[in-house]
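Worksheet: one structure, shown below.
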Amino acid sequence: MADIVPTAAEDIPSAEVAEVDLYHAKSWWTKYVFSQDAKVIAVQYSCTAIAIGLVALVLSWLMRLQLGFPESFSFIDASDYYQFITMHGMIMVIYLLTALFLGGFGNYLIPLMVGARDMVFPYVNMLSFWVYLLAVVVLVASFFVPGGPTGAGWTLYPPQAILSGTPGSEYGIILMLVSLALFIIGFTMGGLNYVVTVLQARTRGMTLMRMPLTVWGIFVATILALLAFPALFVGAVMMLFDRILGSSFFMPAIVVMGEQLSYSGGSPILFQHLFWFFGHPEVYIVALPAFGIVSDLLSVHARRHIFGYRMMVWAIVIIGALSFVVWAHHMYVSGMNPWFGFFFATTTLIIAVPTALKVYNWTLTLWRANIQLTLPMLFALAFIVTFVNGGITGLFLGNVVVDVPLSDTMFVVAHFHMVMGVAPLLVIFGAIYHWYPLMTGRMLDEKMGKFHFWVTFIGTYTIFLPLHYLGILGVPRRYFEMGDTSFIPDSAQDLNAFITVAALIVGFAQLVFLYNLFRSLRHGKISERNPWKAASLEWQTAAYPPGHGNFGEHLPVVYRWAYDYGVPGAPDDFIPQNVPNNAVAESHAEAPSAADDAEAPRT
């Protein structure tokens, strides 16, 4: 059961082991570059992920320019377009979202929220970032090799991924696969750190059922990644062997331009199974941290405890477990036994149940709460609306007979972007607005923030809602240009042009956000300590912003869960996790009651 009832000070067990000495930087290089401080590593992860994410943003603009105004830009040809699609998709899913949620927020928040000095293995944590950075550099290098990056599509399906005629089939695909392998190696270093830190480095009194839901989301997502990424790693290595050594793991006997190639006996479907065995858990590797962060944002900014904490924890765990038995719903059009289709359609519907429970609990958390429409709260509310909309279309696509005709249309693009693109990014923005004061001691500019929110929220709907309609019309995805197609009306092209303009405007709003991010480092309003009046440990540090070692001479002791909001008699309507019962009772006794105020003589 959730540890909602506060623990008396005398019931907190003594520390079982002595604290481990921290590594202290000896120079500027070891403090800010080759740093072993999880907070610095988190900033390094975040800056790298945002930088490569900007590349993906520009690629999306180029794609939309081609789709909205075909034959208008001579510098975009068919090969370029397919390379843009491939790199945009892979960067956003792997190198931005996964790295930002786990490497960025995971590194910064896990030690602070569980009351630890740092990650358990700081040196390995440092190495994980540098391997990630190497993976990003190898990926970017593919833009500069002969033939450019791979244009096989972000799913990298063989046999076309490594056959001549596919853009980037010489060097681009090799660098992509090497980069993915490096990314997985780096993540494994970091992921093991996150899991061990949560299990072994929690402070006294911090039981598992007192951890903030942000930590639970990142913790379970990390376990998913440690189990799912090996499938992608194996697939990448096997395809590298097919491409470089001429093996036939995924390559069947095939004839190209009348010439029989040396491949034989391989199975392209095997790669699809390996990819999607990773690919669907990857959806929840991104979604579960988002669920946890949103839960904390809603609770803090609605001044109300999270409804059904225990249920929320188990929903995260159950979603993670079920995510490993739904992968083949991405493969209905690959051909499978109808009974397999029935099984995966059923598991797809089942996984929607714990997800729906989370939505109900978020709604009940807000019921009769003291909702404060701060920027983090606006982004959290926008996430709920967007995730529900995207999830509903996912139920359509989980049904075999609906998915088959829609699978290769813009409907899938719209669904995937709502669930896997827009919704997680809304959470990332909300989390940055929420924890930016903790990281920098300054507030982000609210006017620029409101502009950023409304343009992003409304703009993404003007992009992706029409895309659903285009998909139902039958507009196919992955096409460089439509040409004369009898079953698609001319108005579809006008709608594509409108979507392109909306995408450019939304992209501009992200540049405003980045300007706000960097400008506020020096010119932002000085933040008061714990400006949101949050109860979790990251706001209770000795220094503000927290310094090396996080908590000063003594680690905090936890007496309660992280959601004591709206507490009658509490001085600030909330009680931090590290405040014992007797301190609350004393402050309540010292505070004059309403009756005392009424009876006090007036002068």
Side-chain angles (χ1 to χ4, degrees), residues 20 22-23 35-46 48-49 94-133 135 183-203 206-230 233 278 281-282 284-293 295-296 313 316-317 319-321 323 424 427-428 431 435 439 536-538 546 549-550 562:
V20 178
L22 276 175
Y23 171 84
S35 176
Q36 296 185 33
D37 188 328
K39 296 184 293 299
V40 177
I41 294 171
V43 174
Q44 291 175 322
Y45 260 110
S46 300
T48 306
I94 304 293
Y95 298 88
L96 173 66
L97 292 174
T98 303
L100 205 49
F101 272 118
L102 301 184
F105 292 115
N107 265 302
Y108 202 92
L109 295 176
I110 286 176
L112 284 166
M113 283 187 155
V114 303
R117 296 283 184 201
D118 206 321
M119 289 294 180
V120 171
F121 307 115
Y123 184 77
V124 176
N125 204 26
M126 178 194 73
L127 288 180
S128 74
F129 165 71
W130 287 100
V131 176
Y132 164 64
L133 180 62
F183 178 91
I184 295 166
I185 292 169
F187 165 77
T188 303
M189 295 178 183
L192 291 172
N193 235 332
Y194 310 154
V195 171
V196 175
T197 300
V198 169
L199 293 179
Q200 296 295 323
R202 301 189 311 277
T203 191
M206 179 63 80
T207 63
L208 288 174
M209 283 297 178
R210 279 183 176 162
M211 292 195 310
L213 289 167
T214 293
V215 178
W216 268 109
I218 295 171
F219 174 61
V220 176
T222 302
I223 294 174
L224 296 191
L226 290 171
L227 296 174
F229 270 124
F233 182 83
F278 144 78
E282 168 64 18
Y284 292 101
I285 290 167
V286 170
L288 292 182
F291 291 166
I293 290 170
S295 300
D296 285 351
V313 170
I316 287 174
V317 174
I319 289 169
S323 70
V427 177
I428 287 171
W435 280 298
M439 298 172 65
S536 47
L537 284 184
E538 77 271 23
N550 293 342

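For clarity, every value in this text was computed on a predicted model and none was experimentally measured.
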Practice task
Using modelled atom types only, decide if a donor and an acceptor are shared between the side chain of Tyr194 and the backbone of Leu102 within a distance under 3.5 Å.
Solution key: yes
Handout entry: Side chain to side chain, Phe233 and Ile185, heavy atoms closer than 4.5 Å
Key = yes
Practice task
Would you check if Ile94 and Glu282 make a side-chain contact, meaning some heavy-atom pair closer than 4.5 Å?
Solution key: yes
Exercise for the section: With the side chain counted from C-beta on, respond yes when Leu226 and Thr188 share a heavy-atom pair under 4.5 Å apart, and no when they do not. Expected result: yes
Practice task
Mind listing the closest non-hydrogen atom pair of Leu213 and Ser295 along with its distance?
Solution key: CD1-CB, 3.5 Å
Exercise for the section: Evaluate side chain to side chain contact (heavy atoms under 4.5 Å, CB included) for Phe229 paired with Thr98, printing each intermediate quantity in order. Expected result: CA-CA 11 Å; Phe229 270 124; Thr98 303; 4.2 Å; yes
Exercise for the section: Flag the pair Met209 / Val313 as yes when at least one side-chain heavy-atom distance between them is below 4.5 Å, and no otherwise. Expected result: yes
Exercise for the section: Pick out which of Met119, Arg117, Lys39 makes a side-chain contact (heavy atoms from CB on, under 4.5 Å) with Pro111. Expected result: Met119
Completion exercise
With sequence neighbours left out, the residues meeting ring-ring contact (aromatic ring centres under 6.0 Å, His included) with Tyr45 are Phe129, Tyr132
Handout entry: Minimum side-chain heavy-atom gap Phe101-Val427 below 4.5 Å
Key = yes
Practice task
Start with the C-alpha gap between Trp435 and Thr214, add the side-chain angles, then the distance that decides, and say whether side chain to side chain contact (heavy atoms under 4.5 Å, CB included) holds.
Solution key: CA-CA 12 Å; Trp435 280 298; Thr214 293; 4.0 Å; yes
Handout entry: CA sep, side-chain torsions, deciding dist, call: Leu288, Phe291, side chain to side chain contact (heavy atoms under 4.5 Å, CB included)
Key = CA-CA 5 Å; Leu288 292 182; Phe291 291 166; 3.8 Å; yes
Completion exercise
Interatomic distance, CD1@Ile41 vs CG@Asn193, rounded to 0.5 Å, equals 8.0 Å
Practice task
Can you label the angle between the Phe187 ring and the Phe183 ring as parallel, tilted or perpendicular, going by 30° and 60°?
Solution key: parallel
Practice task
Please check if the side chain of Asn107 supplies one atom and the backbone of Gly103 the other of a donor-acceptor pair under 3.5 Å.
Solution key: yes
Practice task
Look only at the side chain of Arg210 and the backbone of Met206, and say whether a donor-acceptor pair between them is shorter than 3.5 Å.
Solution key: no
Practice task
Examine distances only and state if a side-chain atom of Trp216 and a backbone atom of Val317 form a donor-acceptor pair shorter than 3.5 Å.
Solution key: no
Exercise for the section: Considering non-hydrogen atoms only, spot the tightest contact between Met189 and Ser128 and give its length. Expected result: CB-CB, 3.7 Å
Problem - Heavy-atom check, side chain of Thr48 versus side chain of Tyr95, under 4.5 Å - result: no
Handout entry: side-chain contact (heavy atoms from CB on, under 4.5 Å) partners for Ala562, two or more places apart
Key = Pro212, Ser536, Gln577
Practice task
Taking the side chain as every heavy atom from C-beta outward, state whether Leu112 and Pro546 have any pair of such atoms under 4.5 Å apart.
Solution key: yes
Handout entry: Thr197 (side chain) donor-acceptor with Val120 (main chain) under 3.5 angstrom
Key = yes
Handout entry: Test side chain to side chain contact (heavy atoms under 4.5 Å, CB included) applied to Val215 and Arg202, step by step
Key = CA-CA 11 Å; Val215 178; Arg202 301 189 311 277; over 6 Å; no
Exercise for the section: Please tell me if the side chains of Leu100 and Ser46 come closer than 4.5 Å, counting only heavy atoms from C-beta onward. Expected result: yes
